Asks: 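Take a look at this one; I'll ask things after.
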Amino acid sequence: MATRSDSTAGNWWQMMPKVELHAHLNGSIRDTTLLELARELGEKGSIVFSDVEQVIMKNDRSLREVFKLFDLIHLITTDHKTVTRITKEVIEDFAAENVVYLELRTTPKRNASIGMSKESYLQAVLEGLMAVKNVDVDFGQEVNEGSTGNSHPTNDVCCLSNKKKIYVRLLLSIDRRESTEAAMETVELALRLKRSGVVGIDLSGNPAIGEWKTFLPALKFAKEEGLSVTLHCGEVPNSQEVHAMLDFIPGRIGHACFLEEDHWRKLKSYKIPVEICLTSNIRTESISSVDVHHFADLYESRHPITLCTDDSGVFSTSLSNEFVLAASTFGIGKKEMYELARDAINFIFGGDGVKEKLEEIFASAAVELEISID
Ligand code: IMP
Ligand code: ZN
């Protein structure tokens, strides 16, 4: 099976259990799958394969180019069958490198020409979760009798197989191109799918587009209804918006590349966990080089942070690779990196039962990893 697990990341880092809290479904597709799908569309005459191939295989991408690439990816992937396939593969790939808890985010899409609604898009994602066969997937679902899916109650009593296990929870993304009504529709969908493992809402998309006030009603509603919220925050300089986002006190924020002194002060006083995406920030040139990344300051000041991939397919990375990069750049030892991985349990949007299970997984892995835990 082709996976993206980076061989340079080394075995120890792959063996270490990991928690991934910032991964976009359509950014995490295998290159091989994307090329195969593009070739098929090329043969049908829907796209010119050679043009698409060049874009997919390009390595240096500014933030602006990344969003052009996503439009292209969506053209290639947005039908029910393909959404199910890529979901299945993405979960297999994360599980293969010992991600034990994954919060996978995706933007529900509609495409009337193929009968796709936001709801049917999400059903296709859920089918992808159930289609995974080589790993036990716990997505917190309530199981109907007679269900044929890859489904396991969260209490774990049924898991007698020796298969690897991954806990997967879903976040529904609001795209910054969307209207207040469309954003509200996504939150309502998330509420209907709470029993199928949807735990929260994300705000993402091109940060140069859209205004905070457009999304605020839907985000407030989400919070009031008990959904957790994470925001892409400070991907471009926008001081007012960063203040407004921090004052909203989301459950977490992603990136935080263009924060100023008073933003940092606020972030730290509110103790909002930050999803750090090193490779993504470097590739999109949001941060000039990894050694000046704000990871260092946040880590030293013991601010809650978690390492994430963002778009492992688009940026050719893996979570193991992100750990290796942080350890080697900032001179952090294996024990401390293990603690960083384990502490992410505190920031998941999944419930307390899952947290306890993850604590157990990390505790037992410590022996194998030869880490002495205090
Ligand atoms: P999807 O939601 O599964 O379609 O994943 C791709 C989508 O995630 C993109 O179209 C963007 O809206 C969003 N996304 C992925 N990476 C980034 C990022 O770095 N910043 C903001 N939004 C992003
Ligand atoms: Zn992101």
Side-chain angles (χ1 to χ4, degrees), residues 1-25 27-33 59 86 88-105 132 134-137 163-169 254-255 274-283 287 290-291 293 295-296 298-299 305-345 347-348 358 361-371 373:
M1 183 187 68
T3 78
R4 239 181 348 268
S5 301
D6 188 344
S7 57
T8 59
N11 214 9
W12 190 91
W13 301 95
Q14 286 204 20
M15 266 169 57
M16 182 175 76
K18 289 169 285 290
V19 168
E20 168 65 87
L21 300 184
H22 187 142
H24 299 265
L25 173 61
S28 308
I29 306 170
R30 299 172 187 163
D31 275 350
T32 49
T33 297
N59 253 336
I86 61 174
K88 173 180 179 282
E89 291 180 355
V90 164
I91 301 223
E92 286 172 355
D93 288 354
F94 277 112
E97 60 148 355
N98 262 327
V99 168
V100 290
Y101 177 91
L102 165 66
E103 262 169 38
L104 186 64
R105 57 185 81 189
V132 177
N134 59 352
V135 185
D136 278 332
V137 181
K163 271 197 247 172
K164 232 183 214 183
K165 177 164 187 165
I166 183 168
Y167 291 84
V168 180
R169 297 293 182 270
H255 297 301
V274 182
E275 302 151 1
I276 300 272
C277 310
L278 296 173
T279 299
S280 162
N281 295 159
I282 302 306
R283 288 279 168 92
I287 300 288
V290 66
D291 51 309
H293 196 281
F295 170 92
L298 293 176
Y299 183 76
I305 49 175
T306 167
L307 288 178
C308 308
T309 52
D310 201 9
D311 298 296
S312 53
V314 168
F315 300 124
S316 306
T317 190
S318 66
L319 194 51
S320 308
N321 202 43
E322 296 302 298
F323 274 83
V324 173
L325 182 60
S328 60
T329 307
F330 305 106
I332 306 172
K334 282 183 172 167
K335 180 171 189 279
E336 289 72 24
M337 292 308 285
Y338 163 89
E339 286 166 349
L340 184 67
R342 187 194 56 196
D343 290 350
I345 297 171
F347 322 132
I348 70 169
L358 295 174
I361 291 170
F362 273 84
S364 61
V367 180
E368 218 179 319
L369 295 168
E370 297 176 0
I371 295 284
I373 42 178

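The model shown is predicted, which means the values in this text are computed figures rather than measured ones. Atom set for the values below is all heavy atoms of this structure, side chains included, hydrogens, waters and symmetry mates excluded. Numbers here are sequence positions counted from 1.
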Asks: Less than 4.5 Å apart, any side-chain heavy atom of Met15 and any of Leu369?
Replies: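 Yes. Closest side-chain heavy atoms under 4.5 Å.
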Asks: When you measure from the side chain of Lys164 to the backbone N and O of Ala95, does any donor-acceptor pair fall under 3.5 Å?
Replies: yes
Asks: Taking all non-hydrogen atoms of both residues, which atom of Asp31 and which atom of Gly313 are closest, and how far apart?
Replies: OD1-O, 3.9 Å
Asks: Between Asn134 and Lys163, is there a side-chain heavy-atom distance shorter than 4.5 Å?
Replies: no
Asks: Got a second to check how far Asp310's CG is from Glu20's CD, nearest 0.5 Å?
Replies: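 The CD atom of Glu20 is 8.5 Å from CG of Asp310, to the nearest 0.5 Å.
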Asks: Are any non-hydrogen side-chain atoms of Ser318 and Ser312 less than 4.5 angstrom apart?
Replies: no
Asks: Got Asn98 and Gln14 here, is their nearest side-chain heavy-atom distance under 4.5 Å?
Replies: no
Asks: Using side-chain contact (heavy atoms from CB on, under 4.5 Å) as the criterion, list what pairs up with Thr329, not counting sequence neighbours.
Replies: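 Scan of Thr329 (side-chain contact (heavy atoms from CB on, under 4.5 Å), adjacent residues dropped) gives Val290, Asp291, Leu325.
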Asks: I need the minimum non-hydrogen distance between Leu307 and Leu319, along with the two atoms involved.
Replies: O-CD1, 3.4 Å
Asks: Under a 3.5 Å threshold, yes or no: a donor from one side chain and an acceptor from the other, between Glu322 and Thr309?
Replies: no
Asks: Any side-chain heavy atom of Val132 within less than 4.5 Å of one from Glu92?
Replies: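 A side-chain contact under 4.5 Å exists here.
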Asks: Apply ring-ring contact (aromatic ring centres under 6.0 Å, His included) to residues Phe330 and Tyr299 and explain how you reach the verdict.
Replies: CA-CA 10 Å; Phe330 305 106; Tyr299 183 76; 8.2 Å; no
Asks: So which atom in Tyr101 and which in Leu21 form the shortest heavy-atom distance, rounded to 0.1 Å?
Replies: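 Nearest pair, atom of Tyr101 first, then Leu21: CE2-CD2, 3.6 Å.
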Asks: For Val90 and Ser28, which heavy atoms make the closest approach, and how far apart are they?
Replies: CG2-O, 3.3 Å
Asks: Donor-acceptor check, side chain of Arg283 to backbone of Phe315, threshold 3.5 angstrom: yes or no?
Replies: yes
Asks: Trp13 and Lys334: which non-hydrogen atoms are nearest, and at how many Å?
Replies: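 Distance-wise, the nearest heavy atoms are CZ2-CG, 4.0 Å.
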Asks: For Arg30, does its backbone N or O pair with a side-chain atom of Glu89 as donor and acceptor, under 3.5 Å?
Replies: no
Asks: Working note: Ile332 + Phe295, criterion side-chain contact (heavy atoms from CB on, under 4.5 Å); need CA distance, chi angles, decisive distance, verdict.
Replies: CA-CA 12 Å; Ile332 306 172; Phe295 170 92; 3.6 Å; yes
Asks: Does Tyr167 reach the side chain of Ile361, with side-chain heavy atoms less than 4.5 Å apart?
Replies: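 They are in contact (side-chain heavy atoms under 4.5 Å apart), so the answer is yes.
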Asks: Would you mind reporting whether Thr306 and His22 have side-chain heavy atoms less than 4.5 Å apart?
Replies: no
Asks: Do Ile348 and Arg169 make a side-chain contact, defined as non-hydrogen atoms from C-beta onward lying under 4.5 Å apart?
Replies: no
